[in-house]
Amino acid sequence: AAMVKETIRVYARVKPLGRRQQAGIYSVDDDEKSLSSLEIIMPRDLADGFVNNKRESYKFKFQKIFDQEAKQDVVFDNIAKPVAECVLAGYNGTIFAYGQTGSGKTFTITGGAERYSDRGIIPRTLSYIFDQLQKDGSKVYTTHVSYLEIYNECGYDLLDPRHEASRLEDLPKVTIMEDPDQNIHLKNLSLQQATNEEEALNLLFLGDTNRMIAETPMNQASSRSHCIFTIHISSKEPGSATIRRSKLHLVDLAGSERVAKTGVGGHLLTEAKYINLSLHYLEQVIIALAEKNRSHIPYRNSMMTSVLRDSLGGNCMTTMIATLSIDRRNIDESISTCRFAQRVALIKNEAVLNEEIDPTLMIVKLKKEIQELKDELVLVTGKQRTSELSQEELLQLDELIEAFLEDNDPDSTLDVGADMRKIKYCFIRLKQLMNDSKISGEKLLLQHNSEEKDTNKEVGKEELKKLKELLKQRDNEINILVNMLKIEKKRAQEALFQLNSVSAGSTALEQPLWVNLEESQSPASSFSLKEAKDFRSSVHRLPCLSSQTGGKTSLGCQEAFEVFKQDHADSITIEDNKELLKQR
Ligand code: ADP
Ligand code: MG
């Protein structure tokens, strides 16, 4: 929300007393551009009456000073009109008059009864506000007024119709209620609706009459009571749920005069006590607000400061009028009024635009919007849209979902158009299908587990591959050996063939070989005859036995052993076993 941060504006108004009485006591330096200054000059004879008072003149700065001849309309235009404008825009506003009794507070705030032109700020503001409201047709305005009098820390409703019949003490007291958000609510203070200027003025008149009734038996009670006339405005644009609420307090404070203390020797002391205790608390609040980094502001000490809490350092545009009756007798009171004004001028307020949303209005607004959108949809689609999908549409969707689920194409999409109801239905349906296939979900889980086994397999596969390679290598080696063996066998057969053909007629060569073998294989008795014969027959085939070939004996032995193995009875079994082993 928009926020306006500004200090409290402080004005001064000097009451007409006749030039002669005030001659030479004060002077006004009215600067159109910047602040105006008021100088109060202490007459020599009076200055002697003050203890420790060496000064002869005092200067005070004000936003503007309205001297004796300033008329009510000028005061209104300068002081009240800008505040009224802010209130109409939705900000809170306060104008309060502060000064000693008889200085012109009531005259300034309410006005004089003798002449129409003496109307004060309240009637002029009401007139201005209702004028503006009538001119502004863009918003719907509601105005109420309340009129509160605070006397002796008790609040009274000046608009209570029982005022005329009852005594002040018998009326229900206005009390302060604080909600959890620390907002102030006033119990027993009536808010009277005023639809036009006349109604509002009648209420003001009623309140002022009640104020006078209360005054008479109490003797000058009015000087000790505070009166707060409040205009409550709420506004909203037609069709909008946002409401702006603002208040304008127009405050006529109790007389600020103090009981002057008489010092030693009958001298007057500048330090004096307020007659009215709540004004003392008001000053405390103002001193606290003017201090930097002061976190606690004692608003709660009095009813008046509680009611005006927002106006003092809070959410409000606040203006003060210091009313002065500057004659010889009132110099000290005038100075203290001006001093108070200087402190008030230091207070910074933060006026916030008071906007809130009315929930019932919001519902009405939203319902209207929904109907408008539905109508628009009908217009665009040509179909009446209900909140439910038809049975036919649901069936169609089911088919689409089924087709979508069965489509193996990973790029396939489920297109149901831009109808949110259909999209929602599809999601619900898919969720149902998901839940229904819990068993298949478990299957999925199983599959997941077997995948874990696969990783084990993966490790096995790797090992298997290695073993297979090793086996292949061995196979190759064996093949090479077998081939070598075959070649050698062939050669041996050829050699034997040659040998046989050479020694066809003679065994002479055979004999010494035999003998040689006989010698090397000792003891000869260990050979059975059959074995010996077998050995002989196999030796026959040996190719390199011939000294002619010059064969190496060791190789020859190995080869002979191979031949022996092949001719052995178990040769086939061994070969089979070997084959088996290879396979493994
Ligand atoms: P207060 O409310 O501060 O006690 P009042 O407003 O009652 O003082 O003023 C005291 C008297 O002086 C009243 O009769 C009032 O009409 C008169 N008075 C005050 N201010 C002016 C003014 N600016 N012009 C003419 N008369 C005034
Ligand atoms: Mg008065």
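All ligand and atom numbering here is 1-based and tracks the order in the structure.
- Closer than 4.0 Å to atom 14 (O) of ligand 1 lies none of the heavy atoms of the protein.
- Only the side chain of K15 comes within 4.0 Å of ligand 1, judged by heavy-atom distances.
- Enclosure of atom CD in E372 by more than 12 non-hydrogen atoms of other residues, nucleotides or ligands within 6.0 angstrom is indicated.
- Counting heavy atoms closer than 4.0 Å to ligand 1, residue Q68 contributes nothing at all.
- Put simply, no part of G255 is less than 4.0 Å from ligand 1, judged by heavy atoms.
- Put simply, part of T101 is less than 4.0 Å from ligand 1, judged by heavy atoms.
- Side chain of E333 to main chain of R258: a donor-acceptor pair is present (N/O by atom type, distance under 3.5 Å, no hydrogens or angles).
- The closest donor-acceptor contact from the side chain of T209 to the backbone of F205 lies under 3.5 Å.
- At least one N, O or S atom of T106 sits under 2.8 Å from the Mg ion (ligand 2).
- Checking G120, G112, G104 against atom 8 (O) of ligand 1, the nearest heavy atom belongs to G104.
- D30 contributes no side-chain N or O that, together with a main-chain N or O of S36, makes up a donor-acceptor pair within less than 3.5 Å.
- The cationic group of R119 lies under 6.0 Å from the six-membered ring centre of Y116 and within 45° of the ring axis, placing it in a cation-pi geometry.
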